[in-house]
Amino acid sequence: MKFRPCIDIHNGKVKQLVGGSLTDEGNQAQENFVSGKSAAEFAKRYQRDGLTGGHIILLNAVDSEYFDVTKQQAVEALKAYPGGMQIGGGVNDKNAVSWIEAGATHVIVTSFVFKDGKINYENLEKLVQAVGKEHIVLDLSCRKRDGQYYIVTDRWQKFAEETVTIDLLEKLSEYCDEFLIHGVDVEGTGSGMEEELIKIISGFDTIKTTYAGGIASLENLERFQKLSKGKIDYTIGSALDLFGGNLPYEKVKKM
């Protein structure tokens, strides 16, 4: 169990958003925090602190007027910490190689694979052929509906037909090196974790898994360690004092 840092970029700025509030129309979202620092500055700090395996996420759609400036921030962050972070947001088989060449260890993929409510295995195969299984992270961002956790796509706006189960994780692990699993309904809220989701994914240990969503205190972290049996990595955004929260970054990185 280790801490994975994050850099979320929206409209060209490092931000922390309430996950379920993001919409493509008007590039709007409910903001918890907007940083005056660049993505590269955060990347350099993570490098100094010896933190690896963190993720950079581009939160604008490819056709957004802000996508280019958001992408430039991401590129500069990868240059600042080559070989230290993963990248996600609009990744497909055509651009995946360019992100690896830019310094990312892995590409993080959601909507290219989960399309029209289903898993597109043909696209998964294309990704594997493009960069290799060892460079792929599948982002199973999910929201709870009817008592189950459904994968959501398109910046967390659309529900897929697939639910997060051990069987699904085992099947998908043949195509990727890691999973990044967001509890979207608690992402950015500081309201506590998706404990049921953590219990589900803690039963899987074929490949590395990182959980994100709702961890807001040291007590939460202790609870997370118990629920996950210490087998899952974690990331924290809005709750960190780096991003305007109350949870001390210096303490978290040492845990």
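If you read the sequence from its start, that first residue is 1, and numbering goes on from there. These numbers were taken from a predicted model, which means no experiment stands behind them.
- Judged by distance alone, the side chain of Asn123 and the main-chain N or O of Phe112 form a donor-acceptor pair under 3.5 Å.
- Contact of the Leu242 side chain with the Arg45 side chain is registered, since non-hydrogen atoms from C-beta on lie closer than 4.5 Å.
- Salt-bridge formation is detected for the pair Arg4/Glu178: a Lys NZ or Arg NE/NH1/NH2 atom is positioned less than 4.0 Å from an Asp or Glu carboxylate oxygen.
- Here the closest non-hydrogen pair linking Ala80 and Ala40 is CB-O, 3.7 Å.
- Using a 30° and 60° split on the angle between ring planes, Phe42 and Phe243 fall in the parallel class, below 30°.
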In a table with atom names and distances, give each donor-acceptor pair under 3.5 Å that connects a side chain of residues 88-96 to protein atoms at least two apart or in another chain.
from	atom 1	to	atom 2	distance (Å)
Asn92	OD1	Lys94	N	2.8
Asn92	OD1	Asn95	N	3.0
Asn95	OD1	Asn92	N	2.9
Asn95	ND2	Gly90	O	3.0

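- Counting heavy atoms from C-beta on, the side chains of Thr163 and Leu168 never come closer than 4.5 Å.
- Atoms CG and OG, from Leu180 and Ser141 in turn, are 6.5 Å apart once rounded to the nearest 0.5 Å.
- Heavy atoms only, all atoms of each residue included: Ile7 and Ala77 are closest at CD1-CB, 4.5 Å.
- Atom NZ of Lys253 has more than 12 heavy atoms from other residues, nucleotides or ligands within 6.0 Å.
- Between the OH atom of Tyr66 and the NZ atom of Lys13 there is a distance of 10.0 Å, given to the nearest 0.5 Å.
- Listed for the Asp233 side chain is a donor-acceptor partner under 3.5 Å among the backbone atoms of Lys2.
- With rounding to the nearest 0.5 angstrom, the CD1 atom of Ile119 is 6.5 Å from the NZ atom of Lys171.
- Looking only at distances, no side-chain donor or acceptor of Gln16 sits under 3.5 Å from a matching main-chain atom of Phe33.
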| said: Let's go through Ser173 and Phe204 carefully: what are the C-alpha distance in whole Å and the side-chain angles of both, what is the deciding distance for side-chain contact (heavy atoms from CB on, under 4.5 Å) to 0.1 Å, and is it a yes or a no? | reply: CA-CA 10 Å; Ser173 68; Phe204 170 82; 4.0 Å; yes
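- The shortest side-chain heavy-atom distance between Leu58 and Lys71 falls under the 4.5 Å cut-off.
- Atom NZ of Lys115 has 12 or fewer heavy atoms from other residues, nucleotides or ligands within 6.0 Å.
- Here the CE-CG distance, from Met85 to Leu51, works out to 9.0 Å after rounding to the nearest 0.5 Å.
- Heavy-atom minimum distance, Val184 versus Arg143: CB-CG, 3.6 Å.
- Here Lys37 does not pair with Glu76 in a salt bridge; the nearest charged N to carboxylate O distance is not below 4.0 Å.
- With rounding to the nearest 0.5 angstrom, the CG atom of Asp8 is 8.0 Å from the OG1 atom of Thr235.
- Applying the ring-ring contact (aromatic ring centres under 6.0 Å, His included) definition to pairs two or more places apart or across chains, those involving residues 113-149 are Tyr121-Tyr175.
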| message | Before you tell me yes or no, could you show the steps for Gln148 and Arg145 under side-chain contact (heavy atoms from CB on, under 4.5 Å), namely the whole-Å CA-CA distance, both residues' side-chain angles and the distance that decides it to 0.1 Å? | response | CA-CA 5 Å; Gln148 298 187 82; Arg145 186 174 70 181; over 6 Å; no
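- Met1 and Ile201 fall within a single hydrophobic cluster, where Ile, Leu, Val, Met, Phe, Trp and Tyr are joined by side-chain heavy atoms under 4.5 Å apart, directly or via other members.
- A tilted orientation is assigned to the rings of Tyr249 and Tyr46, their planes being inclined by 30° to 60°.
- Of the options Thr209, Ile181, Asp205, a side-chain contact (heavy atoms from CB on, under 4.5 Å) to Ile232 is made by Thr209 and by none of the others.
- For CD of Glu196, the number of neighbouring non-hydrogen atoms (other residues, nucleotides, ligands) closer than 6.0 Å is 12 at most.
- Using a 4.5 Å heavy-atom cutoff, the side chains of Leu124 and Leu138 are in contact.
- Counting heavy atoms from C-beta outward, Leu59 and Thr70 have side chains that stay 4.5 Å or more apart.
- Of all non-hydrogen atoms in Asn60 and Gly12, the two that sit nearest each other are OD1-N, 4.3 Å.
- A 6.0 Å sphere centred on NZ of Lys44 holds no more than 12 heavy atoms belonging to other residues, nucleotides or ligands.
- Clustering ILVMFWY residues whenever any of their side-chain heavy atoms sit less than 4.5 angstrom apart, transitively, puts Val186 in the very cluster that holds Leu218.
- Across every non-hydrogen atom of Ala74 and Ile56, the tightest pair is CB-CG2, 4.1 Å.
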| task | Just do the side-chain contact (heavy atoms from CB on, under 4.5 Å) check on Ile207 and Cys176 with the steps written out, would you? | result | CA-CA 8 Å; Ile207 61 175; Cys176 63; 3.6 Å; yes
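- Linking Ile, Leu, Val, Met, Phe, Trp and Tyr whenever their side-chain heavy atoms come within less than 4.5 Å leaves Val34 and Phe67 in two separate clusters.
- Judged purely by atom type and a 3.5 angstrom limit, Tyr150 has no side-chain atom pairing as donor or acceptor with the backbone of Val152.
- The backbone N or O of Ser38 lies less than 3.5 Å from a partner atom in the side chain of Glu41, making a donor-acceptor pair.
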| Step-by-step side-chain contact (heavy atoms from CB on, under 4.5 Å) determination, Leu140 to Leu169 | CA-CA 9 Å; Leu140 307 186; Leu169 295 177; 3.3 Å; yes
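- The shortest heavy-atom contact between Cys6 and Gly237 is SG-CA, 4.1 Å.
- Side-chain contact between Asn220 and Tyr234 is absent, with no heavy-atom pair separated by less than 4.5 Å.
- For the atom pair Lys133 NZ and Leu127 CG, the distance stands at 13.5 Å (nearest 0.5 Å).
- Using a 4.5 Å heavy-atom threshold, the side chains of His182 and Asp139 count as touching.
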